[in-house]
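So the structure is just underneath, and the comments pick up after that.
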There are 2 protein chains.
Amino acid sequence: MTQPIDTALSDALRDRFAALVTPGQALTEPGDLAPFLRETRDLFPGRSRLVLRPGSVDEVSAILRLASETRTPVVPQGGNTGHVGGQMPRSEAEIVLSLSRLDRIREIDPAGQTITVDAGVVLQRVQEAADEAGLLFPLSLGSEGSCQIGGNLASNAGGTGVIAYGNSRELCLGIEAVLASGELFHGLRRLKKDNRGYDLRQLLIGSEGTLGVITGAVLRLFPKPRGREVAYAGLSTPEAMLQLLARAQGAAGNQLTAFEIMPRLAMEFTLKHTRGARDPLASPHAWYVLVEVSSNRSSEDAAAAMETVLAGALEAGEIEDATVARSGADAALFWRMREEMSWAQKPEGGSIKHDVSVPVALVPEFLRRADAAVRAAIPGVRVVSFGHLGDGNIHYNLSQPVGADRDAFLARWGEINALVHGIVAELGGSFAAEHGIGQLKRDELARTKPAVEMELMRGIKNLFDPFGILNPGKVV
Amino acid sequence: MTQPIDTALSDALRDRFAALVTPGQALTEPGDLAPFLRETRDLFPGRSRLVLRPGSVDEVSAILRLASETRTPVVPQGGNTGHVGGQMPRSEAEIVLSLSRLDRIREIDPAGQTITVDAGVVLQRVQEAADEAGLLFPLSLGSEGSCQIGGNLASNAGGTGVIAYGNSRELCLGIEAVLASGELFHGLRRLKKDNRGYDLRQLLIGSEGTLGVITGAVLRLFPKPRGREVAYAGLSTPEAMLQLLARAQGAAGNQLTAFEIMPRLAMEFTLKHTRGARDPLASPHAWYVLVEVSSNRSSEDAAAAMETVLAGALEAGEIEDATVARSGADAALFWRMREEMSWAQKPEGGSIKHDVSVPVALVPEFLRRADAAVRAAIPGVRVVSFGHLGDGNIHYNLSQPVGADRDAFLARWGEINALVHGIVAELGGSFAAEHGIGQLKRDELARTKPAVEMELMRGIKNLFDPFGILNPGKVV
């Protein structure tokens with residue numbers, strides 16, 4: 001694969017690209033560029049001389065045609081909420097292609113339960129549009145107020161709804177994308193069954209902008225539950241959480257719409273740093289589970305199902321205590337406490353983060369082994385291991401020891417990752433569960449993936465993007 | 001792509017292949033070969049001098065290594081139930097690779113709700129193994145007693161459970177496959193979230209044996225419903241069926257586990273040709289829906305949900321009549337009548353078949369337009385359009401006019417396909433919803449798929465199978 005030359009974009013070429021979008025939508029001033037060159041974790045400084053904000057799929061197409069012709073690297077960017085640096089340009093040779101202005105909701109089909117949207121529509125707007133049509137779009141993430149659906153698909157985002165509804169991949173029926181050549185991939189199908197050859201859509205989903213630029217999508221909608229019940233349960237061990245999960249799945253099936261776990265320390269950080277947070281239970285517990293049960297029939301039905309689960313679990317000694325949200329405000333607070341957990345770690349100093357998954361039944365073993373390993377490596381390290389137990393997906397995040405030097409702690413990122421990911425690998429798990437590869441994990445992917453798979457991945461990359469202009473230095 | 005030379009397999013080469021499997025598992029006698037060379041529709045006569053029945057993944061690997069080295073084409077075959085000729089060898093140059101002896105259930109993980117199986121395990125055995133573990137494997141097809149899970153995945157099989165649980169693709173967490181080179185693709189992951197680069201598993205699923213030979217899979221299991229309620233409703237129009245679907249989805253959500261439609265004529269064929277069948281309703285109706293509602297709580301709960309749906313629909317005038325199965329035997333009969341529908345067409349003479357999907361809301365329009373078109377083309381043609389309304393998937397099958405010449409009728413297959421598929425295309429649908437491409441629809445795929453997608457498909461084929469030895473003449 002030809003690699004683009006890493007010299008800064010020339011003024012002349014910059015002008016040619018700028019001419020492809022509406023005047024004012026080619027940003028070149030440092031102040032205008034800044035928000036596109038900085039990401040939330042401050043791990044991946046962005047560099048670029050040009051941000052393009054096309055207003056149509058045709059403009060995206062023209063940009064990629066010129067990029068292919070001139071071998072100019074292009075970094076697609078959605079809501080700029082990614083955690084692995086996939087959306088960050090790494091040199092002044094690279095152009096940022098922002099999808100933000102492709103923000104139309106194209107069509108809602110209530111009978112077919114689909115919504116067709118531009119890639120730049122913010123996730124929360126998709127949720128709201130579905131809601132207005134009396135339906136549910138179940139993808140739900142901490143950053144839903146700013147992440148965009150194109151980015152969600154490009155990274156196959158997960159989140160809290162996966163347990164009942166699947167990942168972004170499973171929520172997507174059709175994809176429209178511009179390929180490296182500028183050609184359009186017309187895949188905006190509204191079909192639940194379509195076996196016409198290889199499913200190329202599945203390659204674009206999760207490719208983090210390295211195989212094409214997603215410009216539109218058809219998403220699945222679901223009947224909106226008529227009732228939702230949210231509770232916090234307090235438990236003593238990870239094994240007990242697994243028992244509660246099995247009980248809740250058995251009793252509620254796909255109506256178990258969330259099962260989020262967190263240790264006491266995560267709860268303490270949240271209580272300390274999240275406005276309005278309050279301890280849901282009277283006394284502290286080693287572990288907390290946020291359980292959500294939904295019902296298509298009524299809130300009474302959801303309440304009855306929750307009651308069955310919690311009463312049975314109390315009686316069986318699986319849980320120590322539990323409390324059910326008594327109002328919509330209560331439920332919103334319960335959820336907000338979970339969603340802000342990642343932010344609540346910030347004031348506690350440096351964090352070394354992991355986004356791992358293991359087979360669900362092995363989560364307790366993973367936690368036990370990883371805790372022992374990181375505590376041996378860094379005495380006093382504070383483990384904030386929260387996540388989606390039903391998906392086997394743990395955000396195994398570590399806060400620095402109290403009073404430790406932040407930079408010295410963060411300098412051990414690679415070493416600690418290697419420890420934790422080693423345990424994950426032994427358990428048949430993944431070191432990139434729902435945040436993708438981007439820049440952060442690219443070397444690790446190349447190091448750990450079987451050679452035959454890396455070869456196939458590189459072959460596919462070369463097939464879709466022979467000049468290597470699409471998001472170079474990411475994923476493969 | 002180098003095409004294998006189409007001369008009959010030599011005796012010498014045949015012996016080399018035969019030596020790779022246990023004595024007795026290389027079939028060469030016409031009588032032994034026969035069952036592998038004939039398929040249920042009798043549309044695709046098979047030709048081959050050798051059927052290999054490997055007993056291990058290593059043997060599959062050795063076979064493909066030799067096949068690559070000697071450029072010998074290999075046709076993987078599971079339960080031999082495919083409808084599009086994907087499993088049939090087309091010349092004496094081709095070897096049949098039967099997966100039937102890879103039939104171990106490797107592992108069940110109840111906590112993680114997964115089952116790991118060899119590719120040759122018959123679908124019904126997977127269902128039974130899940131059931132014994134107190135769980136559900138929801139893939140369900142007419143041929144479940146003989147089709148194999150490897151073939152289900154290779155063709156991304158659909159069936160009646162898709163409405164609640166998804167296609168085979170969505171039911172598969174991990175894949176093990178032998179690639180054309182003989183190398184093993186180690187993808188037997190039990191993970192619900194795994195974003196480590198391009199999802200190659202998704203290419204193998206639905207590739208109909210043209211990119212690799214699936215040898216094992218990790219499948220998702222679900223809590224087994226504690227209650228199931230099955231009913232037949234009689235309706236007057238396709239529009240009314242859509243209204244009933246929306247009502248049932250709204251009331252039952254993912255607990256609506258089947259919604260199968262059929263016209264009166266299909267019911268009549270079934271009554272006439274299926275042993276034990278009886279008209280479920282007192283008087284005839286233009287359309288019938290088999291509705292199944294499940295509950296994770298109890299049979300009373302399922303019954304209550306069904307009652308809500310049917311009573312509401314009766315009151316709203318959406319349905320004319322309905323009857324609920326009053327016993328397990330009743331429910332089994334209701335299902336058998338649906339499942340044998342396709343067989344019940346056989347005694348009525350020649351059938352021209354279609355396996356199409358359109359956006360759900362457009363099914364009534366599709367039926368209206370297709371009926372008019374085929375009736376104009378063949379006066380007296382008998383339309384037996386049944387299928388999965390929740391998936392927009394109709395088996396638009398045509399029985400010959402009474403007394404017409406079977407061969408003359410079947411000679412118009414291509415012409416009628418073109419008519420029906422033309423309407424499907426105008427409605428944004430697919431001419432290959434759940435049965436795949438195989439031999440039957442390969443030319444049509446090449447003709448109708450956008451050039452850029454065909455190029456990518458051919459590029460992928462070439463990447464995975466540079467010598468073109470895997471199931472040549474199928475799909476691409």
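Note on naming: letters A, B, ... go to the chains in the order of the sequence lines (proteins, then strands), and numbering restarts at 1 for each one.
Shown here for A:R196 and B:L445, the closest heavy-atom pair between the two residues is CB-CD1, 3.7 Å. Here the closest heavy-atom approach between residue A:S430 and residue B:N195 is recorded as OG-N, 4.3 Å.
For the atom pair CG of A:L179 and CG of B:L456, the computed distance is 6.0 Å after rounding to the nearest 0.5 Å.
For the options B:V475, B:V356, B:I460, B:T308, heavy-atom pairs under 4.5 Å to chain A are most numerous at B:I460. Among B:G206, B:G158, B:G429, B:G112, the residue with the largest count of heavy-atom pairs under 4.5 Å with chain A is B:G429. Ranked by heavy-atom pairs shorter than 4.5 Å toward chain B, the options A:D194, A:N254, A:D355, A:V360 are led by A:D194. Contact tally against chain B (heavy-atom pairs below 4.5 Å) for A:G428, A:A251, A:G134: the top residue is A:A251. Most heavy-atom pairs under 4.5 Å with chain A: of the set B:E208, B:H186, B:R190, this distinction falls to B:R190.
Ion pairing of A:R297 with B:E307 is absent here, as no side-chain N (NZ or NE/NH1/NH2) approaches a carboxylate O to less than 4.0 Å. In summary, B:E170 and A:K193 do not engage in a salt bridge, as defined by a charged side-chain N under 4.0 Å from a carboxylate O.
Using a 4.5 Å cut-off between heavy atoms, B:A433 contacts chain A through both its backbone and its side chain. For a residue to count as touching a neighbouring chain, one of its non-hydrogen atoms must lie under 4.5 Å from one of that chain's; by this rule A:K449 touches chain B with the side chain only. For A:Q243, no part sits under 4.5 Å from any heavy atom of chain B, backbone or side chain. In this structure, the portions of B:E453 lying under 4.5 Å from any heavy atom of chain A include both its backbone and its side chain. Only the side chain of B:N167 has a heavy atom closer than 4.5 Å to any heavy atom of chain A. Interface remark: B:N393 contributes side-chain atoms only to the contact with chain A (heavy atom separation under 4.5 Å). In this structure, no portion of B:E444 lies under 4.5 Å from any heavy atom of chain A. Heavy atoms closer than 4.5 Å to chain A are found in the backbone of B:S155, but not in its side chain. For a residue to count as touching a neighbouring chain, one of its non-hydrogen atoms must lie under 4.5 Å from one of that chain's; by this rule B:L184 touches chain A with the backbone only.
Using a 4.5 Å cut-off on side-chain heavy atoms (C-beta onward), B:Q202 and A:R169 make contact.
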The test is side-chain contact (heavy atoms from CB on, under 4.5 Å); show your working for B:I205 and A:D199 and say whether it passes. CA-CA 8 Å; B:I205 297 173; A:D199 197 345; over 6 Å; no
